[in-house]
Amino acid sequence: MGGGSLVAEVTDARRIDASPVQANGVIDRVVHVKGGTNFRVSYRIDGQRFATEDLPVGQGTAPTEPTLGTTVCVEAAAAAPKTVRLCGQKYPSGDDVIPAKGLLALAGVAGTVMAAGWIVVTGRQQKRDSRRAGSAYGAGPRP
């Protein structure tokens with residue numbers, strides 16, 4: 001499960017929760033990149049080999065960074081073994097972050113709607129005020 005949209009994270013988590021299969025994964029590639037390290041984890045489910053680079057390996061509280069050959073526990077969805085996460089992980093961002101992301105998106109939409117409404121109402125009010133000002137100071141009735 002990689003960091004993606006909220007919907008994708010929830011869908012992947014539900015898929016794994018419905019039928020989790022645990023396996024021992026092995027870090028078989030380590031790539032140092034700007035800002036961190038990427039790890040590829042290979043694992044076997046029902047005799048088939050899979051690999052992923054989306055797991056947050058090495059982001060925990062371990063005192064040392066994982067190296068080639070380090071074994072990690074992974075959970076995959078039985079029906080879709082490419083959908084995988086570290087054992088014990090509920091979402092890539094953590095359980096407590098998922099509701100926060102949803103609320104943040106909702107607040108953003110609400111703020112945008114309120115700002116658009118304010119702009120429309122203010123514009124109409126200004127037009128109304130300018131019409132009233134024009135008729136109050138006009139030349140009077142027209143022939």
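- Minimum heavy-atom separation, Val74 to Gly25: CG2-N, 4.4 Å.
- Pairs passing the side chain to side chain donor-acceptor pair (under 3.5 Å) check and including a residue from residues 107-125, sequence neighbours excluded, read Gln125-Arg128, Gln125-Asp129.
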Given Ile16 and Gln89, is the side chain to side chain contact (heavy atoms under 4.5 Å, CB included) satisfied, shown in steps?
CA-CA 11 Å; Ile16 294 171; Gln89 181 185 27; over 6 Å; no
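- Side-chain heavy atoms closer than 4.5 Å link hydrophobic residues (I, L, V, M, F, W, Y) into clusters, and following such links, even through other members, never connects Val26 to Ile45.
- Residues meeting the side chain to side chain contact (heavy atoms under 4.5 Å, CB included) test with Ala78, sequence neighbours left out: Ser19, Val21.
- Residue Ala79 comes nearest to Pro81 through the heavy atom pair C-CD, 3.8 Å, listed as atom of the first residue, atom of the second, then distance.
- The line from CZ of Arg40 to CD1 of Ile27 is 11.5 Å long, rounded to the nearest 0.5 Å.
- Classification of Arg15 and Asp12 as a salt-bridged pair holds, one side-chain N sitting under 4.0 Å from a carboxylate O.
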Would you please test Val30 and Thr67 for side chain to side chain contact (heavy atoms under 4.5 Å, CB included) and show each step?
CA-CA 7 Å; Val30 178; Thr67 59; 5.7 Å; no
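- For the residue pair Leu86 and Glu75, the shortest heavy atom distance occurs at O-OE1, 4.1 Å.
- In this structure, Arg49 and Ser42 approach most closely via the heavy-atom pair NH2-OG, 2.9 Å.
- Taking all atoms of both residues into account, the shortest heavy-atom contact from Val57 to Val41 is CG2-CG2, 3.8 Å.
- Tyr43 places no side-chain N or O within donor-acceptor distance of the main-chain N or O of Thr52, the cut-off being under 3.5 Å.
- Smallest separation of non-hydrogen atoms from Pro20 and Asp17: CD-O, 3.6 Å.
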